[in-house]
Amino acid sequence: MPENENVILVEKKSQTLFLYTSRANEMVVVFQFPCSTGEASGIKFKAGDKKTPEGIYFLKNEYEDKYLSPVYGKKAFPTDYPNFIDKRVGKNGSAIWIHGTNKKLKPMDSNGCIALENADILKLSDYVTLDSTPVIMVQEIDKVKNETIIKQAMNIDSILTQWEISIENGNYHDYLSFYSPEYLPYINWWEQWFKIRKQADKSDLSLGVKRERTGIYYHNRVFVVLFDLFLTAKNGKVQNGKVCLGKRKLFLEYQDNTYKIIGDIFQTVSKKFQKAKVPLITAANTLVTPVFTKESIINTTQQWLAAWSKKDMTKYASFYAENFYSDGMNKKAWVKRKQNLSKKYDYIHVSGREFKVKPGRMTCEISFFQEYKSSRLTTQGVKSLKLVNKGGLWKIYQESWKGK
């Protein structure tokens with residue numbers, strides 16, 4: 001367990017809740033309270049069976065008594081039952097909470113929740129960190145030799161370090177080798193991540209991932225590993241060299257003489273990445289893709305004007321995005337039209353002034369007063385361009401013109 005982390009351990013056999021904390025690599029019992037679990041014995045499997053689950057869970061919310069029915073007492077904490085492992089074996093049901101009570105506490109007297117005396121739930125609440133403090137529910141506590149625990153922890157830590165390295169430097173085959181053949185994680189992001197890594201290397205930006213505050217919890221042949229996951233950078237673009245993506249939760253099982261990942265989810269995602277499908281990709285893009293200054297956008301536009309003036313149509317075409325569409329023409333039709341004009345006119349000279357820029361990270365807009373002169377046509381007006389960032393380069397995806 002991470003230093004100063006707490007864990008709640010519920011033993012159904014003795015109807016006791018224990019609160020442990022980690023201090024100097026030692027597990028210390030802070031207190032223990034009588035509790036009441038489901039009135040039906042056994043492991044919860046379906047809704048309404050009045051049984052208390054067994055496994056490793058986390059507390060998702062905290063409710064004060066003013067928001068609760070009297071039966072829940074002074075405070076309540078919903079758990080995340082059913083968790084990933086429960087769903088995999090078909091367990092269902094919901095609303096497994098740790099809460100107080102408005103009646104005399106009796107053994108095995110709940111519908112499946114863990115009930116405490118009101119004074120005890122209030123004391124327990126001081127030791128709870130949502131989405132971080134685990135709740136381990138068992139029928140009976142099984143003690144294991146400390147040497148075994150240390151060996152398991154070292155082996156799992158080594159596996160996870162190699163898993164991190166595969167993300168930093170490996171290919172998706174290396175990455176998938178850490179997962180059980182029976183479980184395929186979401187992998188559609190890997191090709192994009194590989195491209196970002198290559199782009200970062202060209203910019204001398206070394207990207208990596210890092211774990212902090214790793215907790216390893218075990219029940220019924222499954223290890224649940226929870227840690228803070230960071231994207232790291234080594235060129236000073238990130239304060240302290242890292243940005244937190246959220247809390248990652250891995251489920252591991254011992255298979256074929258090694259530990260294999262059988263489940264992989266985010267317990268929580270950092271606020272700035274909550275809308276991202278893959279926080280790692282979004283965070284990396286913000287580092288690799290710079291926010292262009294007004295001057296650099298103007299410079300790109302002037303290079304585009306210069307290519308047009310030189311009738312360098314290959315370079316001119318390179319400034320346009322593949323999804324370009326304006327005046328009823330896609331990129332191919334637009335460039336072909338310009339090529340025909342360049343052949344038709346003896347010379348073309350295009351210049352711009354009075355640039356107005358709306359910069360951004362992934363898209364931007366620029367408008368300016370354009371003067372166009374050719375062997376057959378002279379005109380002036382306002383040119384407006386909309387650009388999108390593609391791999392660190394601005395590409396025109398829309399263009400409009402308003403003659404003077």
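The model shown is predicted, which means the values in this text are computed figures rather than measured ones.
In the model, Gln339 has no side-chain atom that pairs as donor or acceptor with a side-chain atom of Tyr316 under 3.5 Å. Counting only N and O atoms by type, the side chains of Tyr218 and Asp142 include no donor and acceptor under 3.5 Å apart. There is a side-chain donor-acceptor pair under 3.5 Å between Ser180 and Gln255.
Across all non-hydrogen atoms, the minimal contact from Gly112 to Pro53 is O-CD, 4.0 Å.
Contacts classified as salt bridge (charged side-chain N to carboxylate O under 4.0 Å, His left out) and involving residues 100-113 (residues at least two apart or in different chains) are given here: Lys103-Asp109. Residue pairs that meet the salt bridge (charged side-chain N to carboxylate O under 4.0 Å, His left out) test with at least one member in residues 167-177, sequence neighbours left out, do not exist here.
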Quick one: do Glu3 and Arg23 satisfy salt bridge (Lys or Arg N to Asp or Glu O under 4.0 Å)? Show the steps, please.
CA-CA 6 Å; Glu3 184 71 9; Arg23 294 176 186 163; over 6 Å; no
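Contact of the Leu229 side chain with the Lys247 side chain is not registered, since no non-hydrogen atoms from C-beta on lie closer than 4.5 Å.
Residues satisfying the ring pair (Phe, Tyr, Trp, His ring centres under 6.0 Å) test with Tyr325, not counting sequence neighbours, are none.
Classification of the Trp97-Tyr63 ring pair by plane angle, with boundaries at 30° and 60°, yields tilted. Using cut-offs of 30° and 60° on the angle between ring planes, the pair Phe84 and Tyr183 is perpendicular.
Lys242 forms a cation-pi arrangement with Phe230, by the criterion of a distance under 6.0 Å to the ring centre and an angle within 45° of the ring axis.
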